[in-house]
Q: 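Have a look at this one before I ask anything.
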There are 2 protein chains.
Amino acid sequence: MDRRPTIADVAKLAGVSRSAVSFALNDRPGLAQETRRRILAAAAELGWRPSRPAQALSRGKAGALGLVLARETDLIGADPFFPAFIAGVESVLSRRGDALVLHVTDPADEAATYRRLAVDRRVDGVLLTDLRVDDRRPALMAELGLPAVVVGDPEGAQGLCAVSLDDRPAFAAAVRELAALGHRRIAHVAGPQEFRHARRRREAWEQAMRAAGLEPGPVLPGGFTAEGGANATLELLARGADRPTAVIYANDLSATAGLAVAQRQGFTVPGDLSVVGYDDTPLAAYTHPPLASARADAQGWGAAAARALDEVITAGRADHVELAPAELRMRGSMGPAPEAPSGAASSTH
Amino acid sequence: MDRRPTIADVAKLAGVSRSAVSFALNDRPGLAQETRRRILAAAAELGWRPSRPAQALSRGKAGALGLVLARETDLIGADPFFPAFIAGVESVLSRRGDALVLHVTDPADEAATYRRLAVDRRVDGVLLTDLRVDDRRPALMAELGLPAVVVGDPEGAQGLCAVSLDDRPAFAAAVRELAALGHRRIAHVAGPQEFRHARRRREAWEQAMRAAGLEPGPVLPGGFTAEGGANATLELLARGADRPTAVIYANDLSATAGLAVAQRQGFTVPGDLSVVGYDDTPLAAYTHPPLASARADAQGWGAAAARALDEVITAGRADHVELAPAELRMRGSMGPAPEAPSGAASSTH
DNA sequence: CCCTTCGCCTGAACCGGTTTAGTGCTCGTC
DNA sequence: GACGAGCACTAAACCGGTTCAGGCGAAGGG
């Protein structure tokens, strides 16, 4: 036999009907123990496993989840979140033999990609990440009748199930700690404000500043990129006596770049400037000085999102899930505020 | 009609048989222009697109490619290669409406994952990345009859089609440039030597050293990780007068960590030590000093790999593809060799 | 002893496409 | 005006599973 074995081959070998094989496979009642054993033995002997396309067709379920990444390639590449998140999703799916269908698209083609995913029936549901302010995807999912789960805070979920992980406590803690270290001018280099998480981080910083009795200092866009972080930092440091003594960045990529550019300008970290990031990339503990950052359990997030989406698919709905918040990791890039802000640092270089 | 439209609905609306619709969809000859137009109009009106599971079943093709990542989560997360590579794969697949099925697994489950992918008929072929020395996957693919393409050099491909991008010229160039800058002791912090690409990079460094008339200096394992890079660097710097004046790292992650730890030890870069990485991560241009590195077109690599795999699937075989080699980007972390190697640097800190 | 009940299994329809054999029609040709 | 060719299209089988309505025989009840 050169072709792959089918359910008919197994049935013939076990001396039963195709339906019996199907029953045994999906362990449904109505088969004698002995028969069931014989069928499974026959299946094992032939190395047979059901064809997923055939199963998908007859069950009306694709047995796959979809994930669409609509970021710029460079942004994804530098973000440790997705690989870990995907690994978490996988850990849940692979147990059931389901699969993850990944699409990387230009932001402009995002809606079309979701549409196709739905119309093609290639996936049973999708995970929505990087939710934007006024994101059209929840409405699109409703229109398409495509089960979906929002990976992020429930506020933007528009009725969809949300699986969230609060990043605000980490930002609040960073502000608190910096304030305790004597910092009064703590700037924020924010992510693109069209993203809800970027905006939420900015708000967390702002609230924590007020709570600490401080005037929220300057906010500059960092775009989640190295270039953005560097440029924002340059601008902040050029403010002379008014310059901040600490900067909280929206992510590690911009923070690391900011750290480097500050040093290039002759400032010491944390002597002249304290720096805090977010993501706790593998590199964070190994920069010079080590970068304070916040760690979120991306893998657990992925697993929880997959489970929630599964429930939405089978049960039609699921409750919001709130995971343990991100935790600040204090490292060498945070230090006491300088006594009196030295103007522009002497150009040691 | 609440259920999704099927080919039968389109046929009825257009007043033709289901086969006619199929013919029109796959634009095959044997339909009058007018009929074809009417059918396509009906399909558009109903918003119908063929169900991929049904197509997969009847065509005997899944319409999807598989990619298995068997790295440690942390390693993947820090590597800018995969997101870009995947984006490239996608750019080819999405044109045809095909999909990418991604599996992230523990290295221990790797073989089982490929087996399942093949037996489940969920994909038509797979991309093999991170080839190891004596990798069993090419043999496994042959056993499973699963079309595959090796993303890497042809030597380890064992008869499979290989799509490769030479990283050696970049390493050779780095050695040449450093030698021209007066460096004589150029160390290498290598990736895990079970990986063919890591080994190839080490060999490229070694050959270039000999070609430059230099004795290949010490090689230390860096594991492609930040921690490994930092540890290796510490060890190299502890060698007193014998310490290297330049280090070429197998990737940017270990290089960046090495750069940081050298500075923490009081060495200046590139004054006391020149540093070169590989990958040209988004951060490389924004470290302090900017990290010399090599850029490979990961996206183009993904696209080429996808095309090659496609050819293997349809034609049974494909020729090796050789892409433009990686290019060294010289940056501030490379500088002239120190006059006389200063012993241990004064601990400036 | 006959009739239900129940446990175990089968046959056939079905999922939504593709594909092949074949039908009916027109046209050109000798 | 019969015949073969060619065009436009259809009917039905097929892909490989799942599912549901029975069928059959043995056990249990009256």
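Proteins come first, then strands; the chains are lettered A, B, ... in the order of their sequence lines, and each starts at number 1. Just so it is clear, the model here is predicted, and its values are computed rather than measured.
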Q: Answer yes or no: does a side-chain N or O of Thr6(A) lie under 4.0 Å from OP1 or OP2 of dC15(D)?
A: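 For dC15(D), OP1/OP2 do not have a side-chain N/O of Thr6(A) under 4.0 Å.
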Q: Could you check Arg4(A) against Val119(B) for side-chain contact (heavy atoms from CB on, under 4.5 Å), going step by step and ending with a plain yes or no?
A: CA-CA 8 Å; Arg4(A) 299 247 158 87; Val119(B) 176; over 6 Å; no
Q: Within less than 4.0 Å of OP1 or OP2 of dG11(C), is there a side-chain N or O belonging to Ser19(A)?
A: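 So the side chain of Ser19(A) is outside the cut-off, no N or O lying under 4.0 Å from OP1 or OP2 of dG11(C).
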Q: Arg49(B) versus Leu25(B): any side-chain heavy-atom pair under 4.5 Å?
A: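 A side-chain contact under 4.5 Å is absent here.
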Q: Tell me what Val16(A) touches on the nucleic acid: a base, only sugar-phosphate, or nothing, going by heavy atoms under 4.0 Å.
A: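 Sugar-phosphate contact only.
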Q: Rounding to an integer number of Å, can you tell me how far Leu25(B) CG sits from dG17(C) P?
A: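 The answer, rounded to whole Å, is 9 Å.
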Q: Please report the C-alpha distance between His103(A) and Leu67(A) in whole Å, then the side-chain angles of each, then the deciding distance to 0.1 Å, and finally whether the side-chain contact (heavy atoms from CB on, under 4.5 Å) criterion is met.
A: CA-CA 6 Å; His103(A) 281 280; Leu67(A) 178 59; over 6 Å; no
Q: What is the distance, to the nearest angstrom, from the CD atom on Glu34(A) to the C1' atom on dC8(C)?
A: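 Rounded to whole Å, this separation is 13 Å.
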Q: Let's test your reading of the model: under 3.5 Å, does the base of dG17(C) pair with the side chain of Arg18(B) as donor and acceptor?
A: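 When only heavy-atom distances are counted, Arg18(B) does reach the base of dG17(C) through a donor-acceptor pair under 3.5 Å.
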Q: Thr105(B) vs Glu110(B), test: side chain to side chain donor-acceptor pair (under 3.5 Å). Steps then yes/no.
A: CA-CA 6 Å; Thr105(B) 80; Glu110(B) 188 182 25; over 6 Å; no
Q: Could you work out which one of dC9(C), dT10(C), dT18(C) sits closest to the side chain of Ser17(A)?
A: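 The closest nucleotide is dT10(C).
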Q: Heavy-atom contacts under 4.0 Å between residues 48-62 of chain A and DNA chain C, which residues?
A: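 Heavy-atom cutoff 4.0 Å gives Leu57(A), Ser58(A).
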Q: Any side-chain N or O of Arg28(B) under 4.0 Å from OP1/OP2 of dT19(C)?
A: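 Checking Arg28(B) against dT19(C): at least one side-chain N or O falls below 4.0 Å of OP1 or OP2.
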Q: What is the distance from CZ of Phe23(B) to C1' of dT10(D), rounded to the nearest Å?
A: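 The distance from CZ of Phe23(B) to C1' of dT10(D) comes to 9 Å, rounded to the nearest Å.
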Q: Side chain of Ile7(B) only, heavy atoms from C-beta on: which candidate in dT10(D), dT10(C), dG17(C) is closest?
A: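 Among the listed nucleotides, the one closest to the side chain of Ile7(B) is dG17(C).
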Q: Rounded to the nearest Å, what distance is computed from the CZ atom of residue Arg122(B) to the P atom of nucleotide dG17(D)?
A: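 Distance, rounded to whole Å: 14 Å.
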Q: Does CD in Glu194(A) sit with more than 12 non-hydrogen atoms of other residues, nucleotides or ligands closer than 6.0 Å?
A: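 Yes - once you tally the heavy atoms of other residues, nucleotides and ligands closer than 6.0 Å, there are more than 12.
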Q: Kindly say whether the aromatic ring centers of Phe224(B) and His197(B) come within a distance under 6.0 Å.
A: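 Here the rings of His197(B) and Phe224(B) have centres that are less than 6.0 Å from each other.
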Q: Would Arg28(B) and Phe23(B) count as a cation-pi pair here, with the cationic atom under 6.0 angstrom from the ring centre and within 45° of the axis?
A: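 Yes, a cation-pi geometry holds between Arg28(B) and Phe23(B).
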